[in-house]
Amino acid sequence: MATSSLYRLSSQINRIPSLSPFTKSILTRSSTTTTAAAKVADRIVKLSAIDPDGQKREIVGLSGHTLLKALTNSGLIDPASHRLEEIEACSAECEVNIAQEWLEKLPPRSYDEEYVLKRNSRARVLNKHSRLGCQVVLTKDLQGMVVAVPEPKPWDIP
């Protein structure tokens, strides 16, 4: 309802002949930012993260963004530690553990993700709860998901 009102308002603004094109663009731009803000609010996904010290923290992400982005924005993973977006060059700095009840709501690991996790695990044994934060895309279905962030591996510490 609010969106249709804003569209009507912007079309009425464009019909006023006495306004300059610059003024029209500013008025219509400010009316569309309200709808963009509403869309962001609809995309919020609230998660719980357990940091390496065992403290539970509430974090916020956006659906369509990765779990890694939510964890870096909250300060649980150092953004500089995950420099590469290409999974072929990944060294699993964004590895997290997902609580059992949330595993079924995630798509299965890709072959590449599984390979990276096995290659970078100390025991070369794959933990079924391990996922790469850069490969988990947040959705509204993951609202309330619990994630544990392990201690950084020795080679991740600057």
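Just so you know, residue 1 is the first one in the sequence shown, and it goes up from there.
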Query raised in the report: Can you name the closest pair of heavy atoms from Ser130 and Leu117 and give their distance?
Result: O-CD1, 3.6 Å
Query raised in the report: Between Cys94 and Ile77, which heavy-atom pair has the shortest distance, and what is it?
Result: CA-CD1, 4.1 Å
Query raised in the report: Hey, what do you get for CD (Gln135) to CD (Glu95), rounding to the nearest 0.5 Å?
Result: 12.5 Å
Query raised in the report: Out of curiosity, does Val137 fall in the hydrophobic cluster containing Leu106 (side-chain heavy atoms, cut-off under 4.5 Å, transitive links)?
Result: no
For a quick test of your reading: what N or O donor-acceptor pairs under 3.5 Å do the side chains of residues 52-67 make, sequence neighbours left out?
from, atom 1, to, atom 2, distance (Å)
Arg57, NH2, Ser74, O, 2.7
Glu58, OE2, Ser48, OG, 3.2
Thr66, OG1, Lys69, N, 3.2

Query raised in the report: Taking only residues at least two apart or on different chains, which pairs with a member in residues 128-138 satisfy salt bridge (Lys or Arg N to Asp or Glu O under 4.0 Å)?
Result: Glu113-Arg131
Query raised in the report: Do Val45 and Ile50 belong to the same hydrophobic cluster, where Ile, Leu, Val, Met, Phe, Trp and Tyr are linked whenever their side-chain heavy atoms lie under 4.5 Å apart, directly or via other members?
Result: yes
Query raised in the report: So, for Val96 and Gly133, which heavy atoms are closest and what is the spacing to 0.1 Å?
Result: CG2-N, 4.4 Å
Report summary line: So CG of Leu47 and CG of Leu71: to nearest 0.5 Å the spacing works out to 8.0 Å
Query - CD1-NZ distance between Ile98 and Lys105, expressed to the nearest 0.5 angstrom - result: 12.5 Å
Donor-acceptor contacts, no H, no angles, side chain residues 138-147, under 3.5 Å, sequence neighbours left out:
from, atom 1, to, atom 2, distance (Å)
Thr139, OG1, Asp141, N, 3.4
Lys140, NZ, Asp42, O, 3.3
Lys140, NZ, Ile44, O, 2.8
Gln143, OE1, Lys46, N, 2.8

